[in-house]
Amino acid sequence: MHPIPPVLPVGAMGAGDQPEFALRAGFLLRPWRGTDADAGALADSCRDPGIRHWNRPEELTPATAREKIARWGRRWRAEEAAVWAIAPPSGERPVGLVGLADVDLAGGSAEFVYWLLPEGRGHGVMAAAVTRVSRWALDELGLHRLRITHSVGNEASCRVALQAGFPLEGTLRSALLHADGWHDEHLHARIHGDP
């Protein structure tokens, strides 16, 4: 029996610099930086009621936010994650985050994470960001499968997934513990070659 070769070899992602991507209406996907603006936006995200309701963020100060940003840089190099700031056309302070967690180069898969601060909502930028990162991950990097999971009650996240070309595959029962109890989660996925 022959071993199954890895989908992507070690070094396929982390050997280079994390790319930046231009989005419509002047938004930019870029790596997070240890600046006051980036650390402040990340710390603010942990206090936003909308983000807290659907995610489980840890409380961050600007100092611990800088540590987390530095950890994301190390996780890129270790090929474990790829996390981008969504920067608006009007300035440097990020309005959101989009990224790939649980990156498995050998298995060819990763899972999306994303959120938007109130000033980033209502522009359609998250669907555009997920679409652009998907094109990079599947067509440029060479992963085979990307997934999105979200609480079945999170209609905005469901819309993002569908608009970005991630069809609903099913429901994961009682899959994630939130502050208000266990939530069922939708599973969406996109694979290489999907239209």
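Keep in mind that what you see is a predicted model, and the values were worked out from it rather than measured.
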His186 and His150 aromatic ring geometry - parallel, tilted or perpendicular at 30°/60° bounds | perpendicular

Can you tell me how far CG of Asn154 sits from CZ of Arg159, rounded to the nearest 0.5 angstrom?
-> 8.5 Å

What one should report as the nearest heavy-atom pair of Trp32 and Ala85 is NE1-N, 3.1 Å

Flag, side chain of Arg145 to backbone of Ser109, donor-acceptor distance under 3.5 Å = no

Any chain of hydrophobic side-chain contacts (each under 4.5 Å) joining Leu42 to Leu116?
-> no

Classify the side-chain pair Ser151/His183 by whether it contains a donor and acceptor separated by less than 3.5 Å.
-> yes

Taking every heavy atom of Cys46 against every heavy atom of Glu58, the minimum-distance pair comes out as SG-O, 2.9 Å

Would a hydrophobic clustering, with Ile, Leu, Val, Met, Phe, Trp and Tyr connected at side-chain separations under 4.5 Å, put Leu29 with Met13?
-> yes

N/O donor-acceptor pair under 3.5 Å between Glu79 side chain and Ala12 backbone | yes

Nearest 0.5 Å please: distance from the CG atom of Asp36 over to the CD atom of Glu92.
-> 12.5 Å

Closest heavy-atom pair, Val95 versus Glu119, reported as atoms and distance to 0.1 Å, is CG1-CG, 3.6 Å

In the single-linkage hydrophobic clustering (I, L, V, M, F, W, Y; side-chain heavy atoms under 4.5 Å), do Leu105 and Trp72 co-cluster?
-> no

Check: Asp48 side chain, Gly50 main-chain N or O, donor-acceptor pair, under 3.5 Å = yes

Heavy-atom pair with the smallest gap, counting every atom of Arg190 and Ala164 = NH1-O, 3.3 Å

In Å and rounded to the nearest 0.5 Å, what is the CG to CD1 distance from Leu117 to Ile51?
-> 4.5 Å

With the threshold set at 4.0 Å, does a side-chain nitrogen-carboxylate oxygen contact exist between Glu20 and Arg132?
-> no

Atom pair CD1 (Ile191) and NE2 (His144), whose distance is rounded to the nearest 0.5 Å | 5.0 Å

Answer yes or no: is there a side-chain heavy-atom contact under 4.5 Å between Pro31 and Trp76?
-> no

Hey, is the main chain of Ser174 close enough, under 3.5 Å, to the side chain of Asp184 for a donor-acceptor pair?
-> yes

Indicate yes or no: at least one non-hydrogen side-chain atom of Asp139 is less than 4.5 angstrom from one of His192.
-> yes

Can you check whether Arg52 reaches Pro57 side chain to side chain, under 4.5 Å on heavy atoms?
-> yes

Would Ile86 and Tyr114 count as a side-chain contact (heavy atoms from CB on, under 4.5 Å) if you check the C-alpha gap in whole Å, the side-chain angles of each, and the deciding distance to 0.1 Å?
-> CA-CA 10 Å; Ile86 302 173; Tyr114 51 80; over 6 Å; no

Check whether Leu23 and Phe112 end up in the same hydrophobic cluster, where Ile, Leu, Val, Met, Phe, Trp and Tyr are linked by side-chain heavy atoms less than 4.5 Å apart.
-> yes

Quick check: does any side chain N or O of Asp38 sit under 3.5 Å from a backbone N or O of Arg33, one acting as donor and the other as acceptor?
-> yes

Flag side-chain contact, heavy atom, 4.5 Å: Val103 against Glu80 = no

Nearest 0.5 Å please: distance from the CD atom of Glu185 over to the NE2 atom of His178.
-> 5.5 Å

If two hydrophobic side chains count as joined below 4.5 Å and joins carry through other members, does Val113 share a cluster with Val130?
-> no

Show the numbers, then the answer: is there a side-chain contact (heavy atoms from CB on, under 4.5 Å) between Arg74 and Arg77?
-> CA-CA 5 Å; Arg74 292 190 299 272; Arg77 292 285 176 215; 5.7 Å; no

Exceeds 12 heavy-atom contacts within 6.0 angstrom, atom CD of Glu59 | yes

CZ of Arg75 to CG of Leu100, rounded to nearest 0.5 Å, is 11.0 Å

Quick one: does Ser157's side chain get under 4.5 Å of Met126's, heavy atoms only?
-> no

Hey, can you tell me if Phe27 and His123 have their rings parallel, tilted or perpendicular (30° and 60° cut-offs)?
-> tilted

Shortest non-hydrogen contact between Trp136 and Pro19, atoms and distance | NE1-CG, 3.7 Å

Distance-only side-chain donor-acceptor flag, Thr131 / Ser134, under 3.5 Å = no

Arg147 vs Glu169, salt bridge (Lys or Arg N to Asp or Glu O under 4.0 Å): CA-CA, chis, key distance, verdict = CA-CA 10 Å; Arg147 65 191 177 277; Glu169 291 191 335; over 6 Å; no

Nearest atoms (heavy-atom pairs only) where Ala25 meets Pro89 | O-CG, 3.2 Å

Can you establish whether the number of heavy atoms outside Ile4 located under 6.0 Å from its atom CD1 is more than 12?
-> no

